[in-house]
Amino acid sequence: MGSNYDRKSELKAFDETKTGVKGLVDAGVAKIPTIFVHQQHKLEVKSHSGKSQISVPVIDLEGVYKDANLHAQIIEKVRDSSEKWGFFQLVNHGIPDRVLKQMIDGVRKFNEQDSEVKKKFYSRDYAKKKVLFNSNFDLFQAPAANWRDTFACVMAPHPPAQEEMPAVCRETLIEFSKQIMKLGCTVFELLSEALGLDINHLKDIGCAEGLLLLCNYYPTCPEPELTMGSSSHSDSDFLTILLQDQIGGLQVLHDNQWVDVTPTPGALVVNIGDLLQLISNDKLKSVHHRALVKNVGPRISVACFFRAQNDSSECIKTLRTHQGVVIRGKPSNLQGNHCQRFSCLLPLQRSGWSPFTTAFQAVKLVCNGVRKSASAWVTSTSVS
Ligand code: OGA
Ligand code: NI
């Protein structure tokens, strides 16, 4: 990088436009600004060749509560996929196609509305706001910016007042969240059973109390091979349900290779988050994933993060006391590095709980046993 390049000023100038990546595309950029250029080795496309037809497991929920045999088979698939992939796709999950389509359309409408209206939502004040829009939550900390704008909304346990939500997608956000919350509860029931726990256990300890929606808009990119939509990261919640459109780009790291999560009409992608890996004593896996961009688009996705309401939730307590959940009748004390990782959790959370904070942030901050600065944390793990 030439010495004339003043990264900080460029980031600031970009942020101050408040129109995000879409603003650049609308202005007709033919080359992506340097702040978006990723180091080549991180982009390295060791994608799966497709020869062995390996793909993320698809689980059909049709009849899950109607037939005991089928129920047992589904639980087994959920267990196997969550242990080996950390990812699966769900079909026949009960959320009507109409609701999914409306949600994708709602995100499109939000991003494609008059930019003056959109600018009013532009903010980085995660501590105070439940609804906000920006480009790259970690713009000033990450080594390279991602080709993505995001609208974020905390939908549970305390959703914002209706007037606070964007007029173009208010009803859609409410309807979609209601349905996702219900499906999330079903998935937590299946996961509880998969771990040999009481069907209600993960719900009862509060893993599904909180719901944060991150609505991602990845504009078409003139130089897709130089940047990323989302850098490689693992999710820091308990569980994520992701709705994506049909463009594609999401990849999951499996056996050291990037495997496409192929868009399937009507399907929802489910992945295990860091906190579920932690409380299950590493039985379920929180796996790295990323999103590539293309010169077609925009691509739209909605990531629904299930997380605790706050640090007094039972599920967070199990971490603080290093207990985790009791698996197959045996208490599973969190061992070794877990204890180290959580030793600083409590004071950190007390000082910084916000609608957007989840315990993972603290976990990742202390994962080397020492509190790191936020920028060091983001640089070393590229957390979403
Ligand atoms: C995320 C994420 C992937 C996608 O928001 O955490 O992984 O396809 N998104 O948008
Ligand atoms: Ni993610």
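Heads up: numbering here begins at 1 and tracks the sequence. Whatever order the structure lists ligands and atoms in, that order sets their numbers, starting from 1.
Under a 4.0 Å criterion applied to the non-hydrogen atoms of Asn216, ligand 1 contributes the atoms 5 (O), 9 (N), 10 (O). Close approach of ligand 1 to Ala303 is summarised as follows: ligand atoms under 4.0 Å from at least one heavy atom of the residue are 5 (O). Heavy-atom contacts of Phe305 reach the following atoms of ligand 1: 6 (O) (cutoff under 4.0 Å).
The atom name of the N/O/S atom in His233 closest to the Ni ion (ligand 2) is NE2.
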Worksheet item: Going through the checks in order, is the ring pair (Phe, Tyr, Trp, His ring centres under 6.0 Å) test met by Phe110 and Phe151?
Response: CA-CA 8 Å; Phe110 175 83; Phe151 167 71; 4.5 Å; yes
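Contact annotation: for Phe137 versus ligand 1, there are no heavy atoms closer than 4.0 Å. Looking at Asp235 against ligand 1, only its side chain comes within 4.0 Å, counting heavy atoms.
Rounded to the nearest 10 degrees, the angle NE2 (His289) to the Ni ion (ligand 2) to OD1 (Asp235) equals 90°.
Judged by distance alone, with hydrogens and angles left aside, the side-chain atoms of His254 form no donor-acceptor pair with the main-chain N or O of Phe87 at under 3.5 Å. With hydrogens and angles ignored, the 3.5 Å screen pairs no side-chain donor or acceptor of Glu16 with any backbone N or O of Leu11.
Considering only residues two or more places apart in sequence or on other chains, Thr150 meets the side chain to side chain contact (heavy atoms under 4.5 Å, CB included) condition with Arg148, Leu214, Asn216. Listed by chain and number, the residues in a salt bridge (charged side-chain N to carboxylate O under 4.0 Å, His left out) with Lys77 amount to none (sequence neighbours excluded).
Using a 4.0 Å cut-off between charged side-chain N and carboxylate O, Lys31 and Glu223 make a salt bridge.
When only interatomic distances are considered, the shortest N/O to N/O separation between Tyr218 and ligand 1 falls below 3.5 Å.
Among His288, His289, Arg299, the residue whose heavy atom sits closest to atom 7 (O) of ligand 1 is His289. Selection from Arg148, His233, Arg290 by nearest heavy atom to atom 2 (C) of ligand 1 gives His233.
Ile247 and Val261 are members of different hydrophobic clusters when ILVMFWY side chains are connected at heavy-atom separations under 4.5 Å.
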